[in-house]
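Before I ask anything, here is the structure I am working with.
The analysis underlying the following values was restricted to heavy atoms, covering all of them including side chains, and did not include hydrogens, waters or symmetry mates. In what follows, every chain begins at residue 1, and chains take the letters A, B, ... in the order their sequences are listed.
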4 protein chains.
Amino acid sequence: MDHGVKRSRLSRAESQAATRERLLAAARAAVVRQGFAGASVRDIAEAAGFSQGAFYSNFESKEDLLLALLAQHMDEEADRLGAVIDIAERQGQDVMLGLDAWAEELNSDVDWSMLGLELQLHANRSANFAESYRTVRAKHRQRLGDLVARFFAALGLAPPAPPHQLASAFMAMAHGLALERDHDAEAPAGRLILTFLKGLIASAGPQSHQDTTA
Amino acid sequence: MDHGVKRSRLSRAESQAATRERLLAAARAAVVRQGFAGASVRDIAEAAGFSQGAFYSNFESKEDLLLALLAQHMDEEADRLGAVIDIAERQGQDVMLGLDAWAEELNSDVDWSMLGLELQLHANRSANFAESYRTVRAKHRQRLGDLVARFFAALGLAPPAPPHQLASAFMAMAHGLALERDHDAEAPAGRLILTFLKGLIASAGPQSHQDTTA
Amino acid sequence: MDHGVKRSRLSRAESQAATRERLLAAARAAVVRQGFAGASVRDIAEAAGFSQGAFYSNFESKEDLLLALLAQHMDEEADRLGAVIDIAERQGQDVMLGLDAWAEELNSDVDWSMLGLELQLHANRSANFAESYRTVRAKHRQRLGDLVARFFAALGLAPPAPPHQLASAFMAMAHGLALERDHDAEAPAGRLILTFLKGLIASAGPQSHQDTTA
Amino acid sequence: MDHGVKRSRLSRAESQAATRERLLAAARAAVVRQGFAGASVRDIAEAAGFSQGAFYSNFESKEDLLLALLAQHMDEEADRLGAVIDIAERQGQDVMLGLDAWAEELNSDVDWSMLGLELQLHANRSANFAESYRTVRAKHRQRLGDLVARFFAALGLAPPAPPHQLASAFMAMAHGLALERDHDAEAPAGRLILTFLKGLIASAGPQSHQDTTA
DNA sequence: TATGAATGAGTATTCATTCAT
DNA sequence: AATGAATGAATACTCATTCAT
């Protein structure tokens, strides 16, 4: 009897998770295309193939959705960084290779940058959202800052500015460059970022004694 | 100049220009605070002390207003750059000083960055707006690119990437860093930008023969 | 020339007042029929022949409309009372006749009672509305109380309870009885009220020395 | 009585009845607080500690719930009256004492009056509900009318109007007065009602021969 | 019996825009 | 040129109700 028939393909929990995933994907596309204010709950729900009510069964409000998108976005950003860090850990100076890959990926993902900016703009407008944004953002910057610090340490150099500030600057550059959609074949954001990184290396003095992290 | 009675202190044209100016100022504040989509024509008009009708006597549509803001914004950006260029022209290597001033100003003007991003985002969404945006933007980048080129030339160095691309990268960094409002005393965007610039200089090779502009 | 042509039948102000009047009338009917919660802004606007937007050009919110209805309702209630008071003033003891007329009118106006109750219920639910309601209600009760006082005074009798309390009781009875719609020809609310009034008279003691009002 | 295992403390029927009771109590509070239209099924179910589905396992529809509340409400009203009648039956003229107690209870029970009015208003709006309401209401009025009749009979007096009409008037007064929440220490609804009753007695003529009920 | 995700119709309110004044 | 009442479409969100689990 195998304790009863398997009643349906998806359990309830699975099915709900799937609904939520589809809503999130549709929302992400909509926010990128029309901005948070311009993306309507109706459009998002319809694009996902659900009613508006389904949206509100899965998210408390439109802003709650943005928080979910924020979490997702930061997870992805963390994954990207994780890959770079892995390489850095394994191959000494060849971090450059990892950075190259990361930079290349940035090029191709305008949407990802648009979403990042949309989140940041909203954080500057909604006190409520700002709180969540800040914590997640800080963690992320710290992580990238650590990477930068280790990178300079590996080269035996002292970073020319606090690593987490350098991290912020790199992220700003990456986001901003991605926005310039009109890059008719040009605008190799990744390359450009590497150029700046090499510059920092060239101008860095020898490492001070112990401290390597910010 | 005195054909007829002088009806009022301000001629008709002057008075209309004043109305327009007040509307633009109110609009700018509103767009920064709430985004373009979030700023309502009613709010803008009321903040300027006029009716909604007055708005439509001065602008064809809400998007037309954004075009006016774009023009204004680019004028200001040009002015800022102009000052830097003037210094560069006069004092050879001491452009650094001008850049310093420019960078310092960036620190204090979050609103200006917010508006710049809002314009850029809208350009990525409205084909109509994008066209206007692109031309004005291209001119601006060209100008900053020229400055960068001349800067490296003055130092007898070859820029490590096409100057207008470096210009884009610097603008992206400036805008993005300004957005991080939570800079509790830290986040000296201007300084950071200079650090990167010095890096580029340090990594630059000797000047190639002729070409200096992109 | 009669200073120019009369451009239109209704001046702007007149036309707006007319719009408001029509909206109020439609709202009144809707609130009576379906209750305040049940009456939708859309239905009200459509019944009045306008768009929903027109509603919001004339009222700040749905509750603001109810305040307008409250004012209107209380004006009418005051008018009814005014008529009774006039008679009372003119004809000594024959106030009874005026009361009779008033009572008779109550019979025929279920809607008026329904609206009164709807207002009272909403006052018990919205703190905001309650404030306005209370003042207008107090004034009204005072007025009816004065009438009751003068009535007993005219008969040389002492009211068996504070006049404004008696007033409240009469109003409660009038409203409540009107609600029993199923009065198949029976339920002569007015008559019944007079019966109670006569009872009070019969049980009243002789007037005390000076004071006649509450 | 012991066919099979005793599965749980409460039998199925008992447990269901308990669920229903909790739903009814929550519904009653919600309807009083926000009106029938304003009370949502979700809120009611949640307040009772159940899901919305549980609601629909116990009631056919939202209106069906109101019918259940009606029945409950009328039962209570009957109980109150029953107490008065008991006293009247036992102690001849001292019904007054019972009435006094009844009147006092009215004072303290605004909720009960709010619910009563909500039911009555809904009866005036839903034909379906009206039918049920009318029968239950008629029975109730009859009962109170009988009491009034017996009361006058006990005093050897003729009621100055058909007893069931007097009953309606008293109920209207009781409900309406209870609504005036702002009774800052004043508004002794019960007392006031007794004043009116005494008035009726004072104005009543001697009993006619037989008939005592309406 | 009880759950709660999902529905589809509904809610109040806001919007950019028009146009008679 | 400026007013602001009115429009019609859109907005975020709520509702009573259903139904697979």
For this session: Measure from CD on D/Q52 to P on E/dT7 and round the result to the nearest Å.
Result: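 Those two atoms, CD and P, are 15 Å apart.
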For this session: Start with the C-alpha gap between C/L24 and C/F59, add the side-chain angles, then the distance that decides, and say whether side chain to side chain contact (heavy atoms under 4.5 Å, CB included) holds.
Result: CA-CA 10 Å; C/L24 272 175; C/F59 303 99; 3.9 Å; yes
Exercise. So, the side chain of A/N124 versus the backbone of B/L179: is there a donor-acceptor pair under 3.5 Å, distance only?
Worked result: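 Pair found, side chain donor or acceptor close to backbone of B/L179.
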Exercise. Separation of C/Q34 atom CD from E/dA12 atom P, in whole Å?
Worked result: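 About 11 Å, once rounded to whole Å.
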For this session: Would you indicate what A/F55 reaches in the nucleic acid, counting non-hydrogen atoms under 4.0 angstrom: base, sugar-phosphate, or nothing?
Result: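 No contact.
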For this session: Would you kindly give the CZ-to-P distance between B/R42 and F/dT11, to the nearest whole Å?
Result: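 Taking CZ of B/R42 and P of F/dT11, I get 18 Å after rounding.
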Exercise. For C/S51 and F/dT7, is the shortest distance between a side-chain N/O and OP1 or OP2 below 4.0 Å?
Worked result: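 Yes, C/S51 has a side-chain N/O under 4.0 Å of OP1/OP2 on F/dT7.
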For this session: Nearest whole angstrom, please: distance from the P of E/dT14 to the NZ of B/K62.
Result: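 Going from NZ in B/K62 over to P in E/dT14 covers 15 Å.
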Exercise. Hey, does the side chain of B/T19 come within less than 4.0 Å of F/dA2's phosphate (OP1/OP2), counting only N and O?
Worked result: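 Affirmative; the distance criterion is met.
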For this session: Could you give me the CA-CA distance, side-chain angles and deciding distance for D/L70 and D/M74, then say whether side chain to side chain contact (heavy atoms under 4.5 Å, CB included) is met?
Result: CA-CA 6 Å; D/L70 172 61; D/M74 289 301 175; 3.8 Å; yes
Problem set entry | Whichever of C/N58 and D/G53 has its nearest DNA chain F nucleotide further upstream toward 5' |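 Residue closer to the 5' terminus by nearest nucleotide: C/N58.
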For this session: Indicate, with a heavy-atom threshold strictly under 4.0 Å, whether D/A39 touches base, sugar-phosphate, or nothing.
Result: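 Answer is sugar-phosphate: D/A39 comes under 4.0 Å of backbone atoms only.
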Exercise. With sugar-phosphate meaning primed atoms plus P, OP1 and OP2, does A/S57 contact a base, only sugar-phosphate, or nothing at under 4.0 Å between heavy atoms?
Worked result: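 Counting heavy atoms under 4.0 Å across all strands, the contact made by A/S57 includes a base.
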Exercise. If only atom types and distance count, is the side chain of A/S126 paired as donor or acceptor with the main-chain N or O of A/A123 below 3.5 Å?
Worked result: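 Pair absent, no side-chain N/O of A/S126 close to backbone of A/A123.
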Exercise. Phosphate oxygens OP1/OP2 of F/dA5: is one of them under 4.0 Å from a side-chain N or O of C/Q16?
Worked result: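 Result: yes.
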Exercise. What is the distance, rounded to the nearest whole Å, between atom CG of C/D64 and atom P of E/dA12?
Worked result: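 Interatomic distance, CG of C/D64 to P of E/dA12: 14 Å.
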Problem set entry | Which residue lies more 5' along DNA chain E, comparing C/V41 with A/A54 via nearest heavy atoms |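 On the 5' side of the pair lies A/A54.
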For this session: Can you figure out which of E/dA6, F/dT17, E/dA12 approaches the side chain of A/S15 most closely?
Result: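 The listed nucleotide nearest to A/S15's side chain is E/dA6.
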For this session: May I ask you to verify if any side-chain N or O of D/S61 is less than 4.0 angstrom from the OP1 or OP2 atom of F/dA16?
Result: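 Indeed not, no polar side-chain atom of D/S61 lies that close.
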Exercise. Do the numbers put D/K62 on top of the ring of D/F36, so that NZ or CZ is under 6.0 Å from the six-membered ring centre and no more than 45° off the axis?
Worked result: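 Yes, D/K62 lies over the aromatic ring of D/F36.
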Seminar exercise, completed: Output field dot_bracket for DNA chain F (Watson-Crick or G-U, both distances under 3.5 Å, | for other-strand pairs) contains .||||||||||||||||||||
Exercise. For B/Y56 and F/dA5, what is the distance between atoms OH and P respectively, to the nearest whole Å?
Worked result: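 My rounded result for the distance is 16 Å.
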For this session: Round to the nearest Å and state the distance from B/E63 atom CD to E/dT17 atom C1'.
Result: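 Atom CD in B/E63 sits about 15 Å away from atom C1' in E/dT17.
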Problem set entry | Side chains of B/D43 and B/Q34 in contact at under 4.5 Å (non-hydrogen atoms) |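 Answer yes - side chains close enough.
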Problem set entry | For atom CD of A/E14 and atom P of F/dA20, their distance in whole Å |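 Distance check: A/E14 CD to F/dA20 P gives 18 Å.
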Exercise. Side chains of B/E21 and B/Q72: does their closest heavy-atom pair fall under 4.5 Å?
Worked result: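 B/E21 vs B/Q72: side chains touch.
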For this session: Check whether any side-chain heavy atom of A/L69 lies under 4.5 Å from a side-chain heavy atom of A/L66, and answer yes or no.
Result: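 Sidechains of A/L66 and A/L69: in contact.
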